[in-house]
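Computed from a prediction, not measured in an experiment: that's the story for all the values here. Residue numbers start from 1 in every chain, and the chains themselves are labelled A, B, ... in the order their sequence lines are given, proteins ahead of strands.
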Amino acid sequence: MENLEIARMLAETGDLMEIGGEDGFRIRSYRNAASVIEGYPERIADILNDPARKVTDIQGIGKGIAEALKEIVTRGSFARRDEMLEKYPPTALEMLRIQGLGPKTVRTLWEHFRVSTLEDLERLCREHKLQDLPRMGAKLEDKILKGISQYRQSAGRFLLNYASAAAEELGEYLGATPAGSFRRGRETVGDLDLLVTGENAEAALAKFVQHPRVHDVLGQGTTKASALFGLEGLQVDVRAVPAESYGAALQYFTGNKEHNVALRQRAQKMGLTLNEYGLFKVSDETRVAGATEEEIYEALGLAWIPPEMRENQGEIEAAEKRQLPELIELEDLRGDLHMHTRESDGRATMEEMAEAAKAMGYEYIAITDHSKALAMANGLDEARAVQFAAQVREFNKEDRGIRIFSGLECDILRDGRMDLSEDALAELDWVVASVHGYMNIETPEMTDRLLRCMESPSVKVLGHPTGRVLLHREAYTYDFDRVAGEAAKRGVWMEVNASPERLDLSANLLRRAKALGVKFTISTDAHHPKHLANMKYGVKMARRGWLTKDDVMNTRGVAKFAAAVRK
DNA sequence: GCCGTTTTCGGCCCGACTGTTTTCAGTCG
């Protein structure tokens, strides 16, 4: 049992308890424990198995949850969870994920109509049955219908961090390499494709279906096995391919479809045929290439194309002219410019974040806690912001092997003004401007709002510029080209938010912004030292947006970066 | 349910919006 799954069970139990109308503080304890465990560096199961260790030493885990953890690890559930699942169906949890539907409404619907599936709920809304209940009306019915449709679009897809954990675990276990949309760095994946090759390839398929976290084997033959993995049921396809076809298979299963079609057409014109086994001459079926991707692309007269670019969006033409951009690499990053501490809603102190960043080899970070508009996150007001800036100046007086920039993730108010006064903002080194509220305003108003926020001389970068939350919330709408154009003109940068829930901007918008002359930062929005490792997802996204090292400002060394910020 | 304690009980982030009301419950962040 992995931490992520344990955390999910605790959080879900908290959700069910909320539907049950139980004490809010008790629910918070479950959620808090879930969040601590999710971010915990060691496996909870290992700690439980070590007689010398106590899980209650972990902050947020007391006697009660320690008992639950023991149960979860030994039998896959715990009493409280079972009890709640007796009362409410697991489908109730699905309903909670609909935007606009909360625990109280779910409970009312269950008690009145025994609504247990989204289909039931949808029908009731269409028949306007919700209006029979107190405080429910037509608007709510509409909202729920919209929420269901949005939810359906995202169901069955997985965030990159989840897929990534599975890919790493199985990759190591099987000696397998990921292909598919995961390899291309898509922000969400529907399934995970893995390739194994060599003498033990067929044996690996058998080994795969015996993995303790594999269940529901969908099929198993000599070249392919397919099964559901982990609690969430991520579908994993493992393919065994001979060494001489490995490159061809990797290419074929990485896709995407359009890219592959274009390559096969190209091969055809050259008197060749391309499939997952190799590149062959049509005339006498002799093998031209297949063992590596590089030799296939080369035989087609192309430079090897990074997987993140394989969408048939002009990359083949660029590869032909040998004009592919040199994409940014994870190792190019010298700092992380968006993270939170306990001052607002983060889990660690400034010093702990700095220490973790230093261990990753960074030269600098910016601490960017929330501003006061985010009251629930205990955002900073003017006085605290100014005090924080002084604290950072003090920190930097000594050489600590890492430089901190005093930053703030400052809310952009509805009218486009900044949440804190210019005087206070001027004390800080680095202001990230972000939208956290009023996301459903009309497109022109949102455009004006973002244009106006850049009039503040303190604003250096637009944080998570479209506000999307993957599988959960659509981006808010505005005239992107106008805003990006203005950002380029004013020297305001745009963020690639590396949090796997966001990955904002998207690849398409990155390319558009880049074309308009925008510069970027890639930052994790970490709320825990562990989240600093999410940088790799941001880099993937940047690569999908064709960004180079030069496009991304936090690839600069500390002196150059500081100079660029001051300008 | 956790934490901290002047150690077994009291405190634990809450403000703003929406849609429903006619004073507020529910949701979101």
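- The heavy-atom pair separating A/L109 from A/L101 by the smallest distance is CD1-CD2, 4.3 Å.
- A donor-acceptor contact under 3.5 angstrom links the side chains of A/Q131 and A/E141, judged on distance only.
- When only modelled atom types and interatomic distance are considered, A/S499 and A/D525 share no side-chain donor-acceptor pair under 3.5 Å.
- Within residues 102-119 of chain A, the residues that place at least one heavy atom under 4.0 Å from DNA chain B are, in residue-number order, A/G102, A/P103, A/K104, A/T105.
- A salt bridge links A/K372 and A/E382; the closest N-O separation between the charged side-chain nitrogens and carboxylate oxygens is under 4.0 Å.
- Of the possible donor and acceptor atoms, none in the side chain of A/H112 sits under 3.5 Å from a partner among the backbone N and O of A/W110.
- Using Watson-Crick or G-U wobble geometry with both donor-acceptor distances under 3.5 Å, B/dT8 finds no partner in any strand shown.
- Rounded to the nearest Å, the gap between the P atom of B/dT21 and that of B/dT27 is 15 Å.
- Separating the C1' atom of B/dG19 from that of B/dC13 is a span of 25 Å, rounded to the nearest Å.
- Contact check on A/R417 versus A/E455 returns no salt bridge, with no Lys/Arg side-chain nitrogen under 4.0 Å from an Asp/Glu carboxylate oxygen.
- Legend: salt bridge (charged side-chain N to carboxylate O under 4.0 Å, His left out) pairs involving residues 11-22 of chain A, not counting sequence neighbours, sorted by first then second residue: A/D15-A/R31, A/E18-A/R31, A/E22-A/R80.
- Counting any heavy atom pair closer than 4.0 Å across all strands shown, A/I441 reaches no nucleic acid atom.
- Using the six-membered ring where Trp is involved, A/H340 and A/H370 have ring planes that are parallel, under 30° apart on the 30 and 60° scheme.
- For the C1' atom pair drawn from B/dG1 and B/dT8, the interatomic distance equals 14 Å after rounding to whole Å.
- Cation-pi geometry between A/R400 and A/F395 is met: the NZ or CZ atom falls under 6.0 Å from the ring centre, inside 45° of the normal.
- Salt-bridge annotation for A/R75 and A/D82: present, with a side-chain N of the basic residue lying under 4.0 Å from a carboxylate O of the acidic one.
- Comparing the same atom, C1', in B/dA25 and in B/dT20 gives a spacing of 9 Å after rounding to whole Å.
- Contact check on A/E67 versus A/K63 returns no salt bridge, with no Lys/Arg side-chain nitrogen under 4.0 Å from an Asp/Glu carboxylate oxygen.
- On the C1' atoms, B/dG10 is 32 Å away from B/dC17, given to the nearest whole Å.
- Remark: A/G60, A/I61, A/G62, A/K63, A/G64, A/I65 in residues 60-75 of chain A come within less than 4.0 Å of DNA chain B through at least one heavy atom.
- Interface limits on DNA chain B: the 5'-most and 3'-most nucleotides within less than 4.0 Å of chain A heavy atoms are B/dG1 to B/dG29.
- Among residues at least two apart or in separate chains, ring-ring contact (aromatic ring centres under 6.0 Å, His included) pairs with a member in residues 125-168 of chain A are A/F158-A/Y162.
- Comparing A/Y30 and A/F25 by the nucleotide of DNA chain B whose heavy atom lies nearest to each, the residue mapping closer to the 5' end is A/Y30.
- Residue A/R97 places its CZ atom among 12 or fewer non-hydrogen atoms of other residues, nucleotides or ligands, all under 6.0 Å distant.
- B/dT5 and B/dC12: their C1' atoms are spaced 15 Å apart (whole Å).
- Note on A/R80: only backbone sugar-phosphate atoms sit closer than 4.0 angstrom, heavy atoms only; bases stay farther off.
- Heavy-atom distances under 4.0 Å link DNA chain B to A/R135, A/M136, A/G137, A/A138, A/K139, A/L140 of residues 127-145 of chain A, given in residue order.
- A/L330 pairs in a side chain to side chain contact (heavy atoms under 4.5 Å, CB included) with only one of the listed residues (A/K540, A/R543, A/K536), which is A/K536.
- Using atom P as the reference point in both B/dA16 and B/dC9, the two lie 37 Å apart (nearest Å).
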